[in-house]
Trainee: 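Please see the structure below; I have some questions.
Not measured: the values here are computed from a predicted model. These numbers come from the heavy atoms of this one structure, side chains and all, not from hydrogens, waters or symmetry mates.
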Amino acid sequence: MSRTRWGDSRHGSRYSFVMNERWLLVAVAFTSVSLSMVHAQSCEELSSPASRKTVIQSAKAIAEGDLTVGSGGKKIQSLPAFCRVAVILRPTADSEIHAEIWLPSSGWNGKYMAVGSGGWGGSLAYDAMAEALRRGYATSATDDGHTGPSASFIVGHPEKFIDFAYRAEHETTTEAKVLIKAFYGRPQRYAYWNGCSGGGREGLLQAYRFPEEFDGIIAGDPANVRRNAWALWLANETFKDSRDFIPPAKYPMIHRAVLDACDAKDGLKDGLIDNPEGCHVDFTVLTCKAGDRPDCLTPSQVHTAQTILSPAKNSSGKVLFPRLEPGTELRWGRLAGGPEPDDLFLDQFRYVVYQDAKWDWRTFDLERDSAKANAIDKDVDELDPHLAAFAKHGGRLLLYHGWADQQVAPGSTVDFYHSAAEMSGDPAHASEWMRLFMVPGMGHCSGGEGPDSFDKIAVIEDWVERGKSPERIVAAHHTGGKVDRTRPLCPYPQVARYKGEGSIDEAENFSCVSK
């Protein structure tokens, strides 16, 4: 029987190339699988390398199942098997950054995800790490260089302030990538950041300072540090004088009045304000006609309500920070509930600006104290929208913010988005690397009357890895653990509009349109 030898004819040559290519693909696939199953180093071997700046406290193989973490004994359920590495990072003589890196024992997806902290940091975001791990990610988190939720650690420690702002996240990411390569024998294919609130701010700081560090960044409700001056201003305007205080029992009444004024402006009365930027409420219609009553507002309370839904301005009329938006009324207590400002906001001035634990918030002056805070925060934890280098690197930035955020005025992220686009050097094409999704009815990072649940990680993966730009994101609202409404989230400045047919609780019956 005759045989066609490799290369004997044009057909044979082509067949040879095809077969060799197929064998090459098989070999690559086999090698990839092998590397995911056989580690370059065991988990315990990772505990041996150490330096003056990096100390690996422990490296332990964790079996599949539940895990108790943190000083409070928090239990995280249903984790896959992984290598748990705890490290201490000391980039300066005054640094003490604790971090953990979790490496899947099997089924690693070849990717890495760092997760952010909230507030002033001080603990590890174990829940966010667990979500990443369950998806097959190697993941990391840091305490931002201190323990506990207070900002008192900053007093007398300027290096720790820098650790909190951006250095702890960068050092942790650098160490995580070293451990990934040591454990798996190869680096990650993609690196991502995922954070909301303080974690959203951290992600934006990383994009600015270390533009090649991440391929994709998810930054939700980023807590612009200027928010703290705004919060102190609101405290003085809304409950410093007891006559200005609005009892929380009146919030539902105020909320109904706001919905009556604004809900139907988008063409659909559904309990959500899709475009609160265009909503302006006259609270004088709620003025009590004869004394204080539960169903009306005193003249002082009318002024308070108007103040909450107004931006903070200086004496010349310049907006220093945007307003809370209409639709937040049920959660006004976060900023206007008194009797003291929350420590989250107060700490900025007693520990960062004045470095005096006894500083009296009632002495706050908007122009004077916001200027002092801005001078200290500049080049440390103040957001900088110059992200051209991140865009040039090929990074993708997914911004989102709840329109009903009760803690960080949503307009601050809209302003940042506009500034980042303008300063990118190519504003017309900014949507190719950055998109903002405003979420009607969603509170701070989650919660509220609107659809607040959506798969952010899948969105950024599609964008970075498959070049699929997010044209709309389907979000869901849950009641009692069950989905009772879905809606599309649209890239700003587009909004979702009802098509006129079908259930108003089904995303398929809405389209994204320009305002």
Trainee: Is the gap between the ring centers of Tyr166 and Tyr208 under 6.0 Å?
Mentor: no

Trainee: In the structure I gave you, are the side-chain heavy atoms of Asp163 and Phe153 within less than 4.5 Å of one another anywhere?
Mentor: no

Trainee: When you measure from the side chain of Thr328 to the backbone N and O of Asp405, does any donor-acceptor pair fall under 3.5 Å?
Mentor: no

Trainee: Could you walk me through whether Arg396 and Glu465 satisfy the salt bridge (Lys or Arg N to Asp or Glu O under 4.0 Å) test, starting with their C-alpha distance in whole Å, then the side-chain angles of each, then the deciding distance to 0.1 Å, before giving a yes or no?
Mentor: CA-CA 10 Å; Arg396 299 291 182 265; Glu465 299 169 32; over 6 Å; no

Trainee: Looking at Thr92 and Asp94, would you say the former's side chain and the latter's main chain have a donor-acceptor pair under 3.5 Å?
Mentor: yes

Trainee: Could you walk me through whether Gln57 and Ile88 pass the side-chain contact (heavy atoms from CB on, under 4.5 Å) test, one step at a time?
Mentor: CA-CA 7 Å; Gln57 286 185 295; Ile88 298 177; 3.5 Å; yes

Trainee: If we check salt bridge (Lys or Arg N to Asp or Glu O under 4.0 Å) with Glu382, which of these qualifies: Arg226, Arg209, Arg201, Arg227?
Mentor: Arg226

Trainee: Got Ile56 and Leu179 here, is their nearest side-chain heavy-atom distance under 4.5 Å?
Mentor: yes

Trainee: To the closest 0.5 Å, what do you measure between OH (Tyr354) and CD1 (Ile376)?
Mentor: 9.0 Å

Trainee: If every non-hydrogen atom of Val464 is compared with every non-hydrogen atom of Gly216, which pair is closest and at what distance?
Mentor: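 So the minimum-distance heavy-atom pair works out to CG2-CA, 3.9 Å.
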
Trainee: Which heavy atom of Cys490 sits nearest to which heavy atom of Ala496, and what is that distance?
Mentor: SG-N, 3.6 Å

Trainee: Any donor and acceptor pair, going by atom type alone, linking the side chain of Asp462 with main-chain N or O of Val459 inside 3.5 Å?
Mentor: no

Trainee: Assign the ring pair Tyr126 / Trp102 to parallel, tilted or perpendicular, where the plane angle (0 to 90°) is split at 30° and 60°.
Mentor: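 Aromatic pair Tyr126/Trp102 classed parallel.
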
Trainee: Give me the atom names and distance for the closest heavy-atom approach of His39 to Pro104.
Mentor: NE2-O, 4.2 Å

Trainee: Test side-chain contact (heavy atoms from CB on, under 4.5 Å) on Asp221 and Met442 and set out the steps.
Mentor: CA-CA 10 Å; Asp221 296 34; Met442 186 178 85; 3.9 Å; yes

Trainee: Quick one, Arg90 with Glu171, criterion salt bridge (Lys or Arg N to Asp or Glu O under 4.0 Å). Give me CA distance, side-chain angles, the key distance, then yes/no.
Mentor: CA-CA 9 Å; Arg90 298 189 178 97; Glu171 294 290 334; over 6 Å; no

Trainee: Using atom types as modelled and distance alone, determine if a side-chain donor or acceptor of Arg189 lies under 3.5 Å from a backbone N or O of Asn109.
Mentor: yes

Trainee: From Arg350 CZ over to Gln355 CD, what is the distance, rounded to the nearest 0.5 angstrom?
Mentor: 13.5 Å

Trainee: Answer yes or no: are there more than 12 heavy-atom neighbours, outside Glu422 itself, under 6.0 Å from its atom CD?
Mentor: no

Trainee: Quick one: are Arg84 and Leu67 in side-chain contact, heavy atoms under 4.5 Å?
Mentor: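 Yes, at least one pair of side-chain atoms sits under 4.5 Å.
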
Trainee: Could you tell me if the side chain of Cys43 sits less than 4.5 Å from the side chain of Leu103, heavy atoms only?
Mentor: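 No. Closest side-chain heavy atoms not under 4.5 Å.
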
Trainee: So, are Arg167 and Glu159 salt-bridged, with charged N and O less than 4.0 Å apart?
Mentor: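 A salt bridge is present here (some side-chain N lies under 4.0 Å from a carboxylate O).
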
Trainee: To the closest 0.5 Å, what do you measure between NZ (Lys111) and CD (Glu461)?
Mentor: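 So the NZ of Lys111 and the CD of Glu461 are separated by 3.5 Å.
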
Trainee: Verify the distance criterion only: is there a donor paired with an acceptor across the side chains of Gln348 and Asp377 at less than 3.5 Å?
Mentor: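 There is such a pair (donor and acceptor under 3.5 Å, judged by atom type) between the side chains of Gln348 and Asp377.
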
Trainee: Once rounded to the nearest 0.5 Å, what's the spacing between atom CD of Gln494 and atom CG of Leu489?
Mentor: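 With rounding to 0.5 Å, CD (Gln494) is 12.0 Å from CG (Leu489).
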
Trainee: Centroid separation under 6.0 Å, is that true for the rings of Phe210 and His393?
Mentor: no

Trainee: State whether Tyr400 and Lys456 meet the cation-pi test: NZ (Lys) or CZ (Arg) under 6.0 Å from the six-membered ring centroid, and within 45° of the perpendicular axis.
Mentor: yes

Trainee: With the side chain counted from C-beta on, respond yes when Val55 and Val87 share a heavy-atom pair under 4.5 Å apart, and no when they do not.
Mentor: no

Trainee: Kindly give the heavy-atom pair with the smallest separation between Ala421 and Met434, and that separation in Å.
Mentor: N-CE, 3.6 Å

Trainee: Could you pull out the closest heavy-atom pair between Arg472 and Cys512, with the gap in Å?
Mentor: CB-SG, 3.9 Å

Trainee: Which class fits the ring pair Tyr184 and Trp108: parallel under 30°, tilted 30 to 60°, perpendicular over 60°?
Mentor: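 If you compare the ring of Tyr184 with that of Trp108, the planes turn out parallel.
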
Trainee: Do the side chain of Arg331 and the main chain of Gly448 share a donor and acceptor less than 3.5 angstrom apart?
Mentor: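 Side chain of Arg331 to backbone of Gly448: no pair is present.
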
Trainee: Is any side-chain heavy atom of Asp343 closer than 4.5 Å to one of Trp120?
Mentor: no

Trainee: Atom OG in Ser117, atom CD in Glu169: separation rounded to 0.5 Å?
Mentor: 6.5 Å

Trainee: Can you check whether Arg487's main-chain N or O pairs, donor with acceptor, with His477's side chain at less than 3.5 Å?
Mentor: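 Flag not set: sc His477 to bb Arg487 has no pair under 3.5 Å.
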
Trainee: Could you tell me which non-hydrogen atom of Ala132 sits nearest to which non-hydrogen atom of Met113, and how far apart they are?
Mentor: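 Result for this residue pair: CB-SD, 4.1 Å.
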
Trainee: Does Phe164 offer a backbone N or O that forms a donor-acceptor pair with the side chain of His146 under 3.5 Å?
Mentor: no

Trainee: Between Ser197 and Gln407, is any pair of side-chain heavy atoms under 4.5 Å apart?
Mentor: yes

Trainee: Might you work through the side-chain contact (heavy atoms from CB on, under 4.5 Å) test for Leu204 and Leu399, ending with a clear yes or no?
Mentor: CA-CA 10 Å; Leu204 296 179; Leu399 287 162; 4.0 Å; yes

Trainee: Check whether any side-chain heavy atom of Tyr192 lies under 4.5 Å from a side-chain heavy atom of Leu398, and answer yes or no.
Mentor: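 Tyr192 does not reach Leu398 side chain to side chain.
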
Trainee: What do the steps show when you test Asp66 against Thr68 for side-chain contact (heavy atoms from CB on, under 4.5 Å), and what is the final call?
Mentor: CA-CA 7 Å; Asp66 300 342; Thr68 300; over 6 Å; no

Trainee: Could you tell me the separation between the CH2 atom of Trp193 and the CD atom of Glu202, rounded to the nearest 0.5 Å?
Mentor: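 Between atom CH2 of Trp193 and atom CD of Glu202 there are 4.5 Å.
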
Trainee: When you check the side-chain N and O atoms of Asp143 and His98, is any donor under 3.5 Å from an acceptor?
Mentor: no

